[in-house]
Amino acid sequence: QDKVLNLYSARHYQTDEALYKDFTAATGITINRVDADDAGILERLRTEGTASPADVILLVDAARLWRAEEAGLFRPLKSPVLDKAIPARLRGVDKGEGPAWFGFSTRARVIVYNKASVQRADVDTYAELADPKNKGKVCTRSGAHPYNLSLFGAVLEHLGPPATEAWLKGVVDNMARPPKGGDTDQIKAVASGECQVALSNSYYVARMMRSSNPADRDVMDKVGVVFPDQAGKGTHVNIAGGAVARNAPHPEAARRFLEYLASPSAQAYFANGNNEYAVVDGVGADNPALKALGPFKAEVIPVATIGANSAKVQQMLDRVGYK
Amino acid sequence: MALLLEHIVVRYRGSAAAGGDLDAVREVSMGLAAGEIGVLVGPSGCGKTSLLRAVAGLEPLAGGRIRLAGETVSDPAAGLHRPAEQRRVGMVFQDYALFPHLDVAANVAFGLHALGRAERAKRVQEMLSLVGLPEVAGKMPHQLSGGQQQRVALARALAPAPRLLLLDEAFSALDVELRERLAHEVRAILKASGTAALVVTHDQMEAFALADRLGVMQAGRLEQWDRPYDLYHRPATRFVADFIGHGVLAPARIVGTPQGPRVDTPLGLLADADECPLPEAYPGGECLVLLRADDIEHDDAAPVRARILRRDFRGAEFLYTLALADGLEVLAHVPSHHDHAPGEWIGIRPRVEHVVTFPR
Amino acid sequence: MALLLEHIVVRYRGSAAAGGDLDAVREVSMGLAAGEIGVLVGPSGCGKTSLLRAVAGLEPLAGGRIRLAGETVSDPAAGLHRPAEQRRVGMVFQDYALFPHLDVAANVAFGLHALGRAERAKRVQEMLSLVGLPEVAGKMPHQLSGGQQQRVALARALAPAPRLLLLDEAFSALDVELRERLAHEVRAILKASGTAALVVTHDQMEAFALADRLGVMQAGRLEQWDRPYDLYHRPATRFVADFIGHGVLAPARIVGTPQGPRVDTPLGLLADADECPLPEAYPGGECLVLLRADDIEHDDAAPVRARILRRDFRGAEFLYTLALADGLEVLAHVPSHHDHAPGEWIGIRPRVEHVVTFPR
Amino acid sequence: MRLLLALVCVLLLLPLVALVSRWAALDAEGLALWQHLASTVLPGYLGQSLLLSAAVALGVALVGGSTAAVVTLFEFPGRRWLSWALLLPMAMPAYVLAYAWTDTLQYSGPLQTALRAAFGWKGALWPDIRSLGGAVPLFVLCLYPYAYLLVRAALAERCVPLMEAARLLGAGWWRRVTQVALPMARPALAAGVALALMETLADYGVGAYFGLSTFTTGIFRAWLSMGDRDAAAQLATVLLALVALLVWMEQRAQARLRFAAARQGALHGGDARPLALGWRGSAVAWAVCLVPVLLGFVLPVLALLRLATTEGDADAPGPDLSRFAGWALNSFVLAAAAACLAVGLAMALAAARRRQPGGALDALARGVGLGYAVPGAVIVIGLLWPLGAWQARWPEWPLAGWLTAGIGGLLYAYLVRFSAVAMQSVDAGYARLPASFDESARLLGHGPWATWRRVHWPLLRGAAGTAGLLVFVDVMKELPATLVLRPFNHDTLAVVANQLARDERLGEAAWPSLAIVAVGLLPVLLLGRGRGATGC
Ligand SMILES: Nc1ncnc2c1ncn2[C@@H]1O[C@H](COP(=O)(O)OP(=O)(O)OP(=O)(O)O)[C@@H](O)[C@H]1O
Ligand SMILES: Nc1ncnc2c1ncn2[C@@H]1O[C@H](COP(=O)(O)OP(=O)(O)OP(=O)(O)O)[C@@H](O)[C@H]1O
Ligand SMILES: [Mg+2]
Ligand SMILES: [Mg+2]
């Protein structure tokens, strides 16, 4: 019986500590943890090869999960528990030995807008971000950020290359200022009037809505949130997920950990602690912010395609001058 | 007066461990007229450099007053201290202090920033030619030998035509020939421009050749400040007598003779000496008399005989250290063809032009 | 041989802009026996320092060989270069190079790390007393005068009792008296311990007084390496004749006389000279003869008369620069009581002991 | 010994060589990518990088040089205090400074919001700080201490006789400073500016946050967005080549000067007397010195404190002291160990090169010096590549596993990246020791080691301290390598701050950021206390 679990995590959420503590309390398995960014984690894993001490890898970007799977860094896992708990579209493709990775939470890429100066109807699709009517109103973080790359990859899948590039060009033309800062910065910029429309991950929005800081609530009073494309393909959703490392020295502990992440308590944590959408149905309904945001239609798209698209998207960004 | 020092004092503050405060220059007074060259000699550590630095304005005075061309530049009592860069004083340092980041030409041109480019270049070439280094303008200081560096330092100090030039052993790293030539030319330049100079040297020949006024310092004091000839022949103190030239102070007695007072020395009566003091000048006439090495002639016929203790070859002559029968040691210059070995007895005779006596 | 140089060459690499490579020392050969003191003189920049640095092992040789006490220490042909710290050679630098972070005592003790604490302290005091600075042990180098620094550097070099001592103008910042005393004492120490020394100096008096062997360098070459007396009286080259002492090379002709060959000079026949070459030595007997300032006597009765061009007071004597009727300039040492003014005509007479001639 | 040093250098060069070796992987696809880059973003990257580094270099030279000159050459009330305070901004990581200033000044920040509210003004009251124009002063503020420290040390040991000679040649203080003191300190100034420049070029944090399109941003896009590590490595080598060119040019320009300083008796133990200033001069001196301290330290710290106390999410746990102590300890141990190693290596290298200049060791050392210009994350790639190759070749010797199991890999990466910092400082110190000191010591029977111990070390303690300090604070602030290479459960303050910042919890990130500053200040305090302003 393994007593330790070595975890490489790209989850940068300090509040995850509670999650790990619960696991240790429940199983007696202590967790050794290194967290870094997705790319660094994968690089390290790749280098260590057979000597890697890693058991479980947690990443926060679907494209990365796909790429790591492609690179053969994961060990497929047959787990009835996981198969039952996690919808198939949020898992890796089962090639016979089980899926290589599992999504445990999702976050939606929403549009926030300044309620005072923008009509909700003018910004309720991603496409409208490129519409000339929103000229000088849009602000986003860097196009090269994984959250944006993932969204754009999905757009590329829906529209095809020429239309996507035209759309990106339109977004660039509509920008109030060059891309900079993080998602929260965009929300604040919208609230303060620096720009009127922005993209953000849902959990940042939810976090600000739940914040006890009056300044944050003030911000949220001024902005509206839309789940785009509800009438179309649905809002873009990204996945945070995990996998067993190819050379995991403690595969059994790894399995137990992944299964734990799919357990209701862990899922509730994702929803309540970090304002993500749980993948297990019915969990997290008690998060007031998520409740306030309400249910929404998520786009359905194979993760693999998004992952494969990001290089192409980056080149388009380069061409249209999306920084 | 181009330079006037009145009772100047230079003091270095020191920790008690290092011996406490030190008065490196004590109450020195002297004057230099325009175009005059003053030379300071004295034993190592007697305060020569400190005095020059005070005149240049690099050391504050602890007392006294310095006047340059009539203008008071240092007067601690009045709280006055003109900064060095405003004194228009040129100085060549004991350690040259060339700017290592500038080539030779730029070093020499450093003090010429007021001049136009062409004029400056001309002046630099002029100065470098003067010191015999017209071809090194483009070299860096570290590529020069010691003597070459010293000459560049001299050229640099002369270039801005200072109103007073201070040379601190500025020729020490040069060979005799070059040194004499340079001393001559510098002298000529100074005379032509009416610039006064204060020079420190250890080479007494050079001091005599260069000086209009010669001073001997000891332990911070200026013992004598006089014309070179006078300083040599009429030293004011025992220290000066001892320090200048080769000589010994021998016990003597002044006696009255029909021809006037005479000095009776272990070498016999000094016959043809001028300026002999009266016997009454000293109790019982007992005194010390200065016997320089060139006051003593080797003459095998002489009645006084001395044993050769040591013989130093000095090129043109030997310097003999001799012991009289009574043990008194004297020195004698003897042309180098008189070649006697140590231990031999030879005859000597005094031939003193200027009698110099001191109390015992 | 304590030190043997065989055709050594020291080369500084230089960019083409700075004049390309420079052979600072060219094919110099010389030897020093144990306990012998060799002295090098020569004009500024002639390569003296470079030679010393090569011997010390601080500059690599470009050619030749250096042997110390029988052991080859530098031989570029054999790829041999014994590092400086293994040569047991002491050196006093032209710029002293005292360690600024150590006080005087620690500077002197620097080379004595093999000794015990008490012994070391004793040796330091001994050395400091030798150089006349027993009381500065606790001072820092920058608190010393130039001469004091130089003496500390000397004490530091002497302290570990090196097997060869190199002195690069080690006495230049000292007054004559101290310099002579130190030279004497250092000489005594070297002799007592059988240590050889190679000394660079610009003071010819000092060179003569100190040297067992004296060398004159010029433009990297050692022109002559000889006993001081011989070097003075039998200079091997015109350069040496010119460089050593005060003198001129006057045109002369060697003529046969009944008493043997004689030299006919503008001052008349040199009568009582030894070693006169035969007239056949030069075409037509035409040659140059060395007339030193002390070879020429002032004698109002002499037939040859000369006009005084310049008179330099040198303490014991005047150095007169004289012009003969035909314009030839000669120098003469005249005791300082013969006081003639420039412009006067005086009688002179040659009195040459050793005839030195060169081809015209 | 030389061989050992050469070996260490080769080891440190390995990641750089690995980067260069990726050019071998250039295929048709890679070529197409290069064409794409060249026709779209590359000119922009180059332009922004050059503009940024030129402006930062100029700023660092000006601020660092002038403040160092002011506190060493002049005497005025508060000089000692200021000369210490000027080091404070060094403890401030660039990205933290960026957060602090952005939060304060941005459109939606408290200042603009309040002003707009108070005066009814509309729109942006001043240009956004998150731009190239804003990045320049920011980099200058946190990088000028490099130049300041090195120049201060050089000026404190300035040659008194030379300054006096200049006075006697009629040069007033301005000429003395500009034409003698500063040129003499030029190697130090150049070293400081070179460090600042390399750090600027290697920066990713500020560049990403400000949305700059610098070369380094480009490298990261190639790697992260396009997943093309080869292209990233190739881009990184272009950066390397650029820096190598700059370094080479400066060294050529300085060759004469360095040699001169090494032969001349430039080091003078004498006390350098600073020029006393009147009240007007003192006021100017205060202004010159206080502005960088205020902008680079005091105000940002206040801004961080404001952030920490007002922006925090109430239900997020506040700073937990015991955990902070653990993180701080990790940071401190890593920084101290890396500083010791880097300084030791720099001293050994400098001594060996001084004894026998030229040759392979010189070239190797110069190569190692370039590591600083490579972004930390790229170094990580360069370091992991060879390790991966080794791992694949000899699975029974799991080098990579060993290195990441402890802090060995981290220290290795730190050395690759920060040896340059130590070397610059130590080399600048060595350049001021005249060769005749070594020669004297050798003639007095001291071999290389004894000479080092008894002459070099006592005279270079200041330079070594400076070197150690620089490496220490650099490691404290280092992020990408620490993030990826550290062993399990070994978080440092920088890692924690980064986690929170990435999660856009700037309020909470302010605490570990302040802690970085606090721990970084420890050696600054030590160094400042141990030696006076002119001490060194
Ligand atoms: N490091 C160097 N690089 C290039 N040239 C040099 C170097 N050191 C000396 N020289 C040149 O070599 C020649 C000999 O120099 P050296 O120092 O040996 O002369 P020196 O006889 O000691 O002169 P001095 O009596 O003036 O000290 C000079 O022309 C000098 O310019
Ligand atoms: N900065 C200083 N601090 C303390 N004492 C000093 C300092 N400079 C010089 N001295 C001391 O002052 C005295 C006079 O020094 P100074 O340099 O004036 O002598 P000097 O006559 O030039 O000697 P030298 O002929 O050896 O150069 C010496 O005893 C010296 O030790
Ligand atoms: Mg002096
Ligand atoms: Mg020399």
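Proteins get letters first, then strands, A, B, ... in listed order; numbering begins at 1 in each.
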Check whether [X] gets within reach of chain A through its side chain, its backbone, both or neither, counting any heavy atom under 4.5 Å.
| X | value |
| --- | --- |
| Asp228(D) | neither |
| Tyr209(D) | both |
| Pro480(D) | neither |
| Tyr45(D) | side chain |

Is it the case that the side chain of [X] and the backbone of [Y] share a donor-acceptor pair, with hydrogens and angles ignored and the cut-off at 3.5 Å?
| X | Y | answer |
| --- | --- | --- |
| Asn489(D) | Arg33(A) | yes |
| Ser310(A) | Ser225(D) | yes |
| Arg486(D) | Asp35(A) | yes |
| Gln391(D) | Gly49(A) | no |
| Lys180(A) | Arg130(D) | yes |

Legend entry - For chain A, the option from Leu387(D), Val495(D), Asp128(D) that forms the most heavy-atom pairs under 4.5 Å: Asp128(D)
Taking side chain as everything from C-beta outward and backbone as N, CA, C, O, which of these in [X] sits under 4.5 Å from a heavy atom of chain D? Side chain, backbone, both or neither.
| X | result |
| --- | --- |
| Ser142(A) | side chain |
| Pro179(A) | backbone |
| Asn201(A) | neither |
| Ala10(A) | backbone |
| Leu7(A) | backbone |
| Glu70(A) | neither |

In Å and rounded to the nearest 0.5 Å, what is the [atom1] to [atom2] distance from [X] to [Y]?
| X | Y | atom1 | atom2 | answer |
| --- | --- | --- | --- | --- |
| Ile381(D) | Arg46(A) | CD1 | CZ | 9.5 Å |
| Leu485(D) | Arg44(A) | CG | CZ | 6.5 Å |
| Ser192(A) | Arg116(D) | OG | CZ | 5.5 Å |
| Leu5(A) | Phe488(D) | CG | CZ | 8.5 Å |

Do NZ/NE/NH1/NH2 and the carboxylate oxygens of [X] and [Y] come within less than 4.0 Å?
| X | Y | result |
| --- | --- | --- |
| Arg11(A) | Asp503(D) | no |
| Asp37(A) | Arg502(D) | no |
| Arg229(D) | Glu43(A) | yes |
| Arg323(D) | Glu17(A) | yes |

Legend entry - For chain D, the option from Asp38(A), Leu317(A), Asn6(A) that forms the most heavy-atom pairs under 4.5 Å: Asn6(A)
Legend entry - Top of Val190(A), Ile41(A), Asp185(A) for chain D proximity - count of heavy-atom pairs under 4.5 angstrom: Asp185(A)
Could you tell me whether the side chain of [Y] reaches within less than 4.5 Å of the side chain of [X], counting heavy atoms only?
| X | Y | result |
| --- | --- | --- |
| Met226(D) | Lys312(A) | no |
| Gln315(A) | Leu33(D) | yes |
| His490(D) | Asn32(A) | no |
| Leu224(D) | Arg64(A) | yes |

Inset, instruction - Given side-chain contact (heavy atoms from CB on, under 4.5 Å), test Glu194(A) with Gln112(D) step by step and report yes or no. - result: CA-CA 11 Å; Glu194(A) 187 182 9; Gln112(D) 288 210 40; over 6 Å; no
Inset, instruction - Check step by step if salt bridge (charged side-chain N to carboxylate O under 4.0 Å, His left out) holds for Glu504(D) and Lys188(A). - result: CA-CA 12 Å; Glu504(D) 306 190 1; Lys188(A) 286 182 180 167; over 6 Å; no
